[in-house]
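This report refers to the structure that appears directly beneath it.
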Amino acid sequence: MENVEIFDSEGKGRGLRATRESWAGDIIFAEPAYSAVVFDNLSHCVCHSCFKRQEKLLRCGQCKFAHYCDRTCQKESWVNHKHECLAIKKAGKAPNENIRLAARILWRIEREGGGLTEGCLVSIDDLQNHLDKFGDGEKSSLMEDVQKFMDFWPSQSQQFGMQYISHIFSVISCNGFTLSDQRGLQAVGVAIFPNLCLTNHDCWPNCTVIFNNGNHEAVRSMFHTQMRIELRALGKINKGDELTVSYVDFLNLTEDRMEQLKKQYYFDCTCEHCTNKTKDALLLAVNDGESKPEDRVVKEVIQYSKDTMEKIEKARSEGSYHQVVKLCRECLKRQEPIFADTNIYMLRILSIYSEVLSYLQMFQDAAENAKKMIDGYMKIYHPNNAQLGMAIMRAGVTQWHAGMIEVGHGMICKAFAILLITHGPSHPITKDLEVMRSQTEMELRMFKENEFVYYKMREAALSNKPFQVMDEPNIEAPTNLFHKKPQEAKS
């Protein structure tokens with residue numbers, strides 16, 4: 001942590017600032033998790049040590065709940081799983097992820113005390129909990145978790161007061177960081193990183209946070225790397241600059257971002273982009289010129305888009321993907337004469353449309369709509385935004401699958417350049433992109449030498465080896481930096 005220091009950020013409280021100059025792609029600091037757990041619904045298919053998704057995992061022979069890649073991961077996790085294993089075995093089943101994470105935090109405090117641990121600038125005790133800002137529903141959910149925790153917590157372990165346990169649950173609620181799988185494509189768990197909790201929000205930040213699952217595959221343990229988050233610079237950062245990250249996806253109107261930040265993180269955003277409503281004009285842009293639509297028509301199409309999005313989400317949740325395609329096609333037919341290419345309502349439809357078309361292997365249509373989406377994204381996102389890089393990567397792969405090798409290769413190269421900064425050269429997804437870049441470069445050379453031969457070879461390859469079915473479209477993509485447990489509806 002020699003590259004950062006704590007300071008009082010005006011209007012924000014504590015923050016982190018740089019103690020030396022950094023450039024795009026530099027790792028400002030890396031931090032292992034204080035405690036981490038796998039989501040309840042993925043406990044059988046994600047390693048409880050490195051958080052990688054695997055088809056075959058070893059199951060803990062005692063509690064029958066925890067799963068691991070191999071003996072190395074199991075041994076690595078034993079210090080955190082030891083007490084949990086006995087408690088789950090005694091209870092007969094595992095509690096929810098928030099209770100398991102709170103228990104792991106308290107077992108670590110029992111082992112090491114609640115003060116500063118090695119490499120931490122702040123202790124768990126000193127993290128903000130925002131308990132005083134909780135609404136009635138949040139307080140009720142908190143007390144329910146606390147009571148279930150008390151039933152789960154072993155009597156032989158150190159006993160903590162109700163107020164302190166409530167503090168731990170509140171810290172998890174406000175500061176639980178979403179962990180992703182090794183490809184960065186799916187949220188698989190939640191963890192606490194005390195130093196990261198000190199990094200304040202900005203809608204147009206100078207840093208990004210990437211989760212690195214680490215590597216335990218090397219034969220000799222001296223070459224193993226630890227699971228950690230990495231705070232990476234998105235551009236030049238001068239000594240003394242505050243380090244900021246974005247807690248939410250930038251692809252939202254200022255009003256919506258501010259509402260989300262207030263609801264989940266309990267503060268009013270005063271960053272430059274929120275104060276000036278930067279990009280809102282682009283996100284609400286309509287076609288200009290002689291055929292500029294009337295305000296009444298614009299409002300009607302916006303409402304139609306919102307209503308269609310609700311229908312689309314219902315169809316997606318039911319797995320009715322052909323119905324999703326139909327709804328998207330009808331919505332775009334109404335949007336395209338009215339909205340500009342950066343309009344947020346059209347971009348949301350294009351994102352879903354291209355993703356579902358790819359899943360259904362309708363690659364020509366998917367490629368056309370993915371390109372429209374990327375053209376809009378490029379005008380809105382920060383040029384080194386990780387989500388932009390991931391979107392360009394997916395669009396590039398779609399173009400490649402559709403046989404549009406020139407556009408596909410260009411997009412894959414662009415995505416590679418972005419993810420080199422946001423993820424670094426050793427991240428699995430960057431390595432995958434490097435392989436794709438080499439492959440598409442080779443195919444592009446073949447295409448330029450003889451286009452007819454290239455397509456004939458491609459047809460022959462596809463007839464012998466069909467495209468692998470793409471992953472089912474995610475209903476919920478991990479777009480927020482921190483994880484918030486959804487409140488259950490009361491019957």
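Everything quoted here is computed from the prediction, not taken from an experiment.
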For Leu253, check side-chain contact (heavy atoms from CB on, under 4.5 Å) against everything at least two apart and list the hits. Asp256, Asp280, Leu283, Leu284, Tyr345

Residues in side-chain contact (heavy atoms from CB on, under 4.5 Å) with Arg232, at least two apart? Ile27, Thr208, Glu230

Test: [X] and [Y] ion pair at under 4.0 Å:
X: Glu355; Y: Arg316; answer: yes
X: Asp375; Y: Lys371; answer: yes
X: Lys277; Y: Glu255; answer: no
X: Lys314; Y: Glu310; answer: no
X: Arg296; Y: Glu300; answer: yes

Between Gln260 and Arg257, does any side-chain donor sit less than 3.5 Å from a side-chain acceptor?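 No, no side-chain donor-acceptor contact under 3.5 Å.
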
Listing, residues 32-41 side-chain donor-acceptor contacts under 3.5 Å, not counting sequence neighbours, or none:
| residue | atom | partner | partner atom | Å |
| --- | --- | --- | --- | --- |
| Asp40 | OD1 | Glu97 | N | 2.9 |
| Asp40 | OD1 | Arg100 | NH2 | 2.7 |
| Asp40 | OD2 | Glu97 | N | 3.4 |

Could you list the residues that satisfy side-chain hydrogen bond (donor to acceptor under 3.5 Å, both in side chains) with [X], not counting sequence neighbours?
X: Lys292; answer: none
X: Asp307; answer: Gln303
X: Glu84; answer: His81, Arg104
X: Asn3; answer: Arg20

Could you pull out all residues at least two apart from [X] that satisfy salt bridge (Lys or Arg N to Asp or Glu O under 4.0 Å)?
X: Lys448; answer: none
X: Lys239; answer: none
X: Lys299; answer: none
X: Asp288; answer: none

Smallest separation among heavy atoms of [X] and [Y], with atom names:
X: Thr244; Y: Asn206; value: N-OD1, 2.9 Å
X: Gly15; Y: Asn200; value: CA-ND2, 3.5 Å
X: Cys274; Y: Met258; value: SG-CG, 3.8 Å
X: Tyr353; Y: Cys328; value: CD1-CB, 3.5 Å
X: Cys207; Y: Leu231; value: CB-CD1, 3.8 Å
X: Leu234; Y: Ala24; value: O-CB, 3.7 Å

Could you check whether any side-chain heavy atom of [X] comes within less than 4.5 Å of a side-chain heavy atom of [Y], counting everything from C-beta outward?
X: Lys326; Y: His322; answer: no
X: Lys52; Y: Asp181; answer: no
X: Glu336; Y: Asn287; answer: no
X: Leu16; Y: Phe29; answer: yes
X: Lys262; Y: Cys269; answer: no
X: Met378; Y: Lys414; answer: yes

Evaluate side chain to side chain contact (heavy atoms under 4.5 Å, CB included) for Leu251 paired with Tyr377, printing each intermediate quantity in order. CA-CA 9 Å; Leu251 194 68; Tyr377 280 3; 3.6 Å; yes

Only pairs at least two apart or in different chains count here, so list each ring pair (Phe, Tyr, Trp, His ring centres under 6.0 Å) that has a residue in residues 273-310.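 Found Trp204-His273, Phe250-His273.
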
